[in-house]
2 protein chains.
Amino acid sequence: MPRKRLTREESRDLTRQRLLEAGAVMIAKKGLAASSVEDIAAQAGYTRGAFYSNFDSKNDLFIELLKRDHEDIQQGLQQLLDAGLSIEDMQKQLAHFYIQAYCGNTSYVLWAEARLQALRDAKFRLRLNALLLEKRNVIAYFITQFCALMKTTLPAPAGDLAFGMMALFDGVRFFNTSMPHEMSDAAAQSVLSAIFSATFFDSGRR
Amino acid sequence: MPRKRLTREESRDLTRQRLLEAGAVMIAKKGLAASSVEDIAAQAGYTRGAFYSNFDSKNDLFIELLKRDHEDIQQGLQQLLDAGLSIEDMQKQLAHFYIQAYCGNTSYVLWAEARLQALRDAKFRLRLNALLLEKRNVIAYFITQFCALMKTTLPAPAGDLAFGMMALFDGVRFFNTSMPHEMSDAAAQSVLSAIFSATFFDSGRR
DNA sequence: GTATTGAGATACATAGTTGTATTAGTGTGC
DNA sequence: GCACACTAATACAACTATGTATCTCAATAC
């Protein structure tokens, strides 16, 4: 096995990558405040030295973590929108996306942690809000497109409804995780789709 | 001002009360993990000795805090249900209740904190889930009554929809707090009521 | 090959947190 | 009024976290 000899930059990037991944794991597991810098570094297989030589602070790592996750999601949603699919295909793809992006990993925990952090730290809040607004805009655009295709009218401004959907999806995901017996995967999907259709389909046809 | 000389029990209850209140303040301000026992005791005007002589642990205080808040809300909702009001009055009262119970204080932050804690601590999760289920049941009952009165049908099981509404309300409250410019009080109320009506009124009349 | 650079380890000083063990002081029962 | 009981303060020992300063060694430049 000819292990590649890394250049200095490759090596540094790899370390950063591993620290970020370790941060995601630890913060999801123990929470932001309870995860020490040492925990994160150790989880990545390093010591604190590596951490401080790559990040200014825990918050610094955290916001980068969120940014990366956000970019992944944005990209996925944007591709879906740009693909010019039929409504049926779109809904199918969206369901798939939902399962993969929301249920397939623990990143929603990071976002919950982030919302709390935002309430307490004005600087952090600014950075988080920027990400949330971007996400809202993509979702609002999707909603607008959906209603245009369905020839239904929106019961409230698209941006506000987008926030509503974000709240709904994240919150239901929480119940689904922490009390799967009372809110199964199937129940989660069905209640989300019921509320979604009611809001964007039924209410606009009165 | 003849300050009453307190009996031992009264004095202890007062201390407990103050510690609980201080816990609510500190946990909302700094988060559960970042609030030390000393922080809480100091905020209440005591030292750690008072804390440990009244509670087993920080989690112990926290769960009691949640239980009290929960009981207040339960009581309020139950009274509303039992009052036998007309639909219009009910909606009016409910809006008032929402403003007072959700927007008038910071307890929703505690519940967000609790949900995260529940993901990490199985024992805590059991206790929290019990509270959440009780709340869900009251809301589910309300939803059922509402739809019966409106003669509409439910688009999904009442319990699941109740979880959905809880998710929605809490989540929107978050946006409303941390980005009031993008999600004003009025926008929050209007989007909530739009989704609510769409789900429980419009969708059932097809 | 040698000198240089810089990523990451280690050492250190400081500070904060926890829970218990002990002590002081105020209600309570006699 | 005196002994008791209990609440809350204080003292203490162990542990954990933070950030910086220093050191080591591998990658790069010459």
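Note on naming: letters A, B, ... go to the chains in the order of the sequence lines (proteins, then strands), and numbering restarts at 1 for each one.
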Worksheet entry | Test log, rule ring pair (Phe, Tyr, Trp, His ring centres under 6.0 Å), inputs A/F169 and A/Y108 | CA-CA 10 Å; A/F169 277 59; A/Y108 80 100; over 10 Å; no
Discussion item. side-chain contact (heavy atoms from CB on, under 4.5 Å) for A/Q74 and A/L131? Distances and angles first, verdict last.
Written reply: CA-CA 10 Å; A/Q74 285 295 81; A/L131 299 184; over 6 Å; no
Discussion item. I'd like to know whether A/S57 forms a side chain to side chain donor-acceptor pair (under 3.5 Å) with A/D60, so could you lay out the CA-CA distance, the side-chain angles of the two residues, the decisive distance to 0.1 Å, and finally the verdict.
Written reply: CA-CA 5 Å; A/S57 64; A/D60 191 41; 5.4 Å; no
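The A/K58 side chain lies nearest to D/dT18 when the options are C/dA7, D/dA8, D/dT18. The listed nucleotides are D/dA9, C/dA9, C/dG8; the one nearest the side chain of A/T47 is C/dA9.
Close to D/dA8, at under 4.0 Å from its OP1 or OP2, lies a side-chain N or O of B/T15. Residue A/N54 places none of its side-chain N or O atoms closer than 4.0 Å to OP1 or OP2 of C/dA7.
Proximity of residues 17-46 of chain A to DNA chain C (heavy atom under 4.0 angstrom from any strand atom) is restricted to A/Y46.
If you take CD of B/E9 and P of C/dT28, they are 9 Å apart, rounded to a whole angstrom. Rounding to whole angstrom units, CG of residue A/N59 and P of D/dT18 are separated by 12 Å. As a whole-Å value, the separation of A/D13 CG from C/dG6 P is 16 Å. Between A/L14 atom CG and C/dG6 atom C1' there is a gap of 17 Å when expressed in whole angstrom units. Rounded to whole angstrom, the span from the CZ atom of B/F51 across to the P atom of C/dT20 amounts to 12 Å. Remark: P of D/dG19 and CZ of A/F55 are 14 Å apart, rounded to the nearest angstrom.
Side-chain N or O atoms of A/D89 include none that pairs as donor or acceptor with a backbone N or O of A/L85 at under 3.5 Å.
Shown are A/Y141, A/F201, A/F196; of these, the ring-ring contact (aromatic ring centres under 6.0 Å, His included) with A/F146 is made only by A/F196.
Salt bridge status for B/E182 with A/R136: absent, with no side-chain N to carboxylate O gap under 4.0 Å. Using a cutoff of 4.0 Å between basic side-chain nitrogens and carboxylate oxygens, B/R115 and A/E113 are not scored as salt-bridged. Between B/R68 and B/E64, at least one side-chain N (NZ, or NE/NH1/NH2) sits under 4.0 Å from a carboxylate O, which counts as a salt bridge.
On a pure distance criterion of 3.5 Å, a polar donor-acceptor pair joins the side chain of B/R48 and the base of C/dG19.
When each of B/Y52 and A/S53 is assigned the nucleotide of DNA chain C with its nearest heavy atom, A/S53 is the one assigned upstream, toward the 5' end.
Note: A/F124 and A/F62 have parallel aromatic rings, judged against thresholds of 30 and 60 degrees for the angle between ring planes.
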Atom pairs, protein N/O to nucleotides 21-25 of chain C N/O, distance under 3.5 Å:
none

